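Written out below as structure tokens is the structure these notes cover.
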Amino acid sequence: MKNWKKRLLIFSELLIVLFFASNNESHACGPSYDEYDRMYRFFNPEVINSDEYKPFYFSIFDTYTSLILDPDSNREDNLKDWDAFLVPISDHYLINDLLYTDEIDLLKQISLYVDSEIYNAPYYKNNALIEKWKKDKNTEVINYIIYAKSCEPFCISTSDRWEEKENMDPIKLNVLVNEGLAAYNKTTTSFIKLRYAYQIVRLYRYSQQYDKCIETYNNLIGPLKTNSTIKYWAMEQMAGAFLKIKQYAKAAYYFSMVFNNDKNKRASSLNSFYIPNDSVWNECVNLCQNKKERSSLYFMRGINYNSNALEEMKEIYSLNESSKELQLLLVREISKLELYIPLTQIDSSYNLGQSLLQKEENMEYLENLRVFIEKCVSEGKISNKQIWQLSLAYLFTLQENFKQSNIVLNTIGKQFYVDLKFKKQAQIISIINQANLLDKPDEKAMNNIMVQYKQIWKNKTDIPSEFYTQSNYRHSLLEYILSVFSKIYTHYGNAEMALICTGRYGQLYCRPTIESINCFEALVQKDQKNSYDSLLLQSFWNNNFWWGTNDIWIEWNVTKEWQSNEQNYKNSITNFWSNYKILESYLKELRGTVYLGEGNLTNALNEFSTVNYSNINRNTDFPYGEYYNHFNLDIDPFKGYINDLNDTIDWHVSNSNYTKYTYTKELKKLLDLEISSSSEKEKAITCFKIGNAYYNSSLFGKAHHILYQYRFRNYDSYLYKEITLQNNGFIKQRGIRIYDCYFKANEYYKKALAFANSSGNKELAAKCCFMLAKCEQNDFYMSDISKNIKYNYSSNVSSFSQEEIVKETSGYRSNFKLLKEKYSDTQFYKEAIKECKYFEYYVSR
Amino acid sequence: MHLRLFKFHIAVLLFSIALFFSSCNHSNKHQIVPAFYHWQSQLNLSPEETSYLQKLHVQKLYLKFFDVDWDVDTKQAMPLAILDVKTKPDSVEIIPTVFITNRTLLNIGDNEIDSLSNHITKKVNTIAGKANISFYELQFDCDWTEKTREKYFRLIKLVHKNYTQNNFTISATIRLHQIKYYKQTGVPPVDKGMLMFYNTGDVDDVNTSNSILDLETAKKYLVNFDEYTLPLDVVLPVFSWGVLYRRGKLIQLLNNTSANDFADTSRFILLENNKYRVVKSTYYNGTYLYSNDVIRIESVSNNTLEQAADLLSKQIKNKNITVAFYHLHPSIFKKYTYEELEKALTHF
């Protein structure tokens, strides 16, 4: 106790530790999770087999977003048009190069070659299409491409938005427009006419001449009877012009037309679809020519990320019951609901305050959606009825009406199970239902579910969709099923199996029970492991890697990474089994520690005596070597120390001759001696040593890590969340585990003091007195008063002055008083003053 | 003679006493420079706005030049919402401001910070040059985190290097938590900070009463000002918004809303104080509101502004403070007269 600040620092750390050890969980200080870390996804939107709409599947991952903007898809559509136009001598690659790669100078050379006898087109020598153009003296195509290239600089916004965009030269623009108009009028081919018109529309749009843009579209493109991709590219330009001049209804209407007719322009047209108010919406609806167009408006509104699309689904259904778009909205709504429905929440206790309201409202929404689907199924007018039935089954599952879900699943015709995605989705819903319908821990039924689970993922080729791989789906389903099993075990009081179902291997090392260690060991040693046993152990082990001891967040991410690396996963399993001998010793040490903590020294000795850590490389052989082995002790635990915990102790370095085994052996010997001895002098020394053994192994002692695993870890409220919430006995036990050694130490020091006094050993009595004073000091640390003391680490300043602390501790100084009054003539008294600042201060007052 | 001397001494004494009390009176007062933020992408102040600024003696206008956001397609930092200057206000100093999203810094590579600093410098200079704006200060706005701190601070340093003029100032916006936890979040390498005294409540929570400025919450963050090394200016909120919740979840912030917008009882009903429920699905300023959505209207009262000013005044150490209001928009004129904002300024 040389430095009271240092002591205060340690004390503050202790308070922090005790705070975390308390049962009040604070999420504010915990790790932050992303939404996808908190939810399961069991419904695959790809089950509707509608690739056309795939980019618009709801996803909080990046799974589908990359499909939205694929620059090559527009190009391919255009090239297909060109191929169709140029048959029979089409040349896909040539047209691609001419349109998208070649420089304008080269095109001019080709044009010259086609139109005259001059040969100057070395790049395309003997190309059949060019030769055909030459033979026909047909420069129409090549000249259009040259024109399009001339327009490009005016119409393509620079991709580098850091650069300033050049203003369009109005004279050049005028020349280009006139040139285009002349060519439009000259050509008799509507394919080429359309393209010239598109270029002019585009020129007007980019030069912000919006009225002319609209006028040109209406005059030049309107009369052309075509459904070409280019028509919708031009229409998008016109819609953009309407938006700029704030004719919102027309803009939205034309964007919806583009959305309907050009799948590659869906993302951009959806992005530009803007309705400022109800009257614009009504106007837009009135512009629609038919039900399909009207239905599309509702679809575009319903596809919004945060929509309540049930409203739009009902509108679409009233317009066109068999709309394919309805299916997309259906699977999107299910995916969205998975974010908030209790069944799909990985940790429903997290963020509880806010989700309560969400839960009620989302469940209501879920019910409304289910009723609507039921109506659609019963009316039978929707297309792909089996998808709706499957969805209905899943909604019943989300409502935790598992029996009804199974009934719906059974109504689906077996012929639909030919589709792999459909089949797997139905299987997944079925095993979720089966797991939840178990009413007691029935290992045969559990194994049956696991056999089905393994069947789903039998081969890699069985994974019919990226949905399953991109969201770590496989692991999530197993994790979920085991969590259901865990709840069943907990309900039936089997906390050990409950832990193995939902826990991590590392949890065995945090305040274990003999039963949980034995349960795990029995599972490991089981000869004939069935599917359930294997998956259970793999899951328990797979959650194992806990790097460092500070932050569960690290572990979470490591686990995620781990799951994605199959080879690492396999290696970890191999490592696990091959190191069983080491594991055996770890479990023995663990069991011995629990017995020691419980005071069952005979059993503890039995376990410790066969622990064998020879030839272990703790860095590589077993991941818990560094963090969990405290078999060897740093100090002599039977000595009394003036100073307590100090920050120079390395908890993982062993440099004393004592091990847990020899410590327990010696402690047992002393306890026996205390009973058998008749000498007060001997009893005094024995009791003092026992007191020291307990004190040093207590939370405050230098060898506190003897019972490290037994006692607590500061974050075990996270680890034992499931168990602690449901097992009050455990929590009660925790309190005893923290302080029991300390209380015992107190008891033995008092005995030792009495025997020392009666046997005239004043030096020992002084030591006992001092150790009891330390206990009093610790009592103060655990008192309410001490909780008000705040310490600022950065400035080394306490909210209480030293004087205030002395005042507050005055009620905890009876043994200092005794030491001062009765033992001031001892050698130890002088030593204590020298070493302990508290005592020095007390004496000097 | 004696009498005259006596009178002289009395006069000197009275003057000294007056001077003493006068200096005592002002010892805690700051020198204030009133300012405003302009956060829209077109600068075209109306006569009403110009007059408002003049009456309030606004000397500085923090003008957002552009945002820098991460473009997921091109995987590059890109400028967005680039300012279009139609008319430039006279007689106020313009401070170009650049808002950088945190995700930009999360995604950008370490080796790209250099070129980003040059892009930003060039873009700021181009916009200023086109609009004939001379500037002596550049401000960065970014809600950086521990993960992005290093890149952000390096970016600031690099941009600063590009402005070699004497006395050129680089400033950065500072959030309250960045002062309380300055050891963890770091202090940006700038000449001064602009403390944003708003967004103090939990906007995600439907039960929050006012997320723009909750003084009780804000008070908990008013620590470590004496240790914070940067001189601080202050920005106070004079904006309003509607916070839209759907099924209990925050969906969107509806800018510049007021209770009047929800007066139509066929579409909205008042739930309590500042909360409305949508009873019939409807469009509102381009956002489709579904039946049962909840909207909380938030703004800051004059009284709260004055209390905020009082609180801050006690915390800020530097004598000279620019006190800015966020942000200039026609909707504020009805809510705050210039006299009311002036009154808030007197609390510093």
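Naming: A, B, ... by sequence-line order, numbering from 1 per chain. Computation of the quantities below employed the complete heavy-atom set of this structure, encompassing side-chain atoms and omitting hydrogens, waters and symmetry-equivalent molecules. Nothing here was measured: the structure is a model prediction, and the numbers come from that model.
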Option that, when pairs with chain A are counted at under 4.5 Å, heavy atom only, ranks first among B:I120, B:D293, B:T287: B:I120

Counting only N and O atoms by type, is there a donor-acceptor contact under 3.5 Å from the side chain of A:E361 to the main-chain atoms of B:G248? yes

Ring centroid separation for B:F262 and B:Y276, is it under 6.0 angstrom? yes

Looking at B:V279, is its backbone amide N or carbonyl O close enough to the side chain of B:R267 to form a donor-acceptor pair, meaning the two atoms are under 3.5 Å apart? no

Would you say B:T104's side chain and B:I100's backbone share a donor-acceptor pair under 3.5 angstrom? no

Bottom line for B:V294: the part with an atom under 4.5 Å from chain A's heavy atoms is neither

Under a 4.5 Å cutoff for heavy-atom pairs, which residue among B:S291, B:P79, B:A77, B:G286 has the most contacts with chain A? B:P79

Structural part of B:Y288 lying under 4.5 Å from a heavy atom of chain A: side chain

By a 4.5 Å heavy-atom criterion (distance strictly below it), what part of B:T282 contacts chain A: side chain, backbone, both, or neither? both

Name the region of A:S307, side chain, backbone, both or neither, that has any atom closer than 4.5 Å to a heavy atom of chain B. both

Check whether B:L116 gets within reach of chain A through its side chain, its backbone, both or neither, counting any heavy atom under 4.5 Å. side chain

Which one wins on heavy-atom pair count under 4.5 Å against chain B: A:I275, A:N304, A:N308? A:N308

Under the 3.5 angstrom rule, does the side chain of B:E298 hit a backbone N or O of B:S211 as a donor-acceptor pair? yes

May I ask you to check whether A:Q399 and A:E367 show a side-chain donor-acceptor distance below 3.5 Å? yes

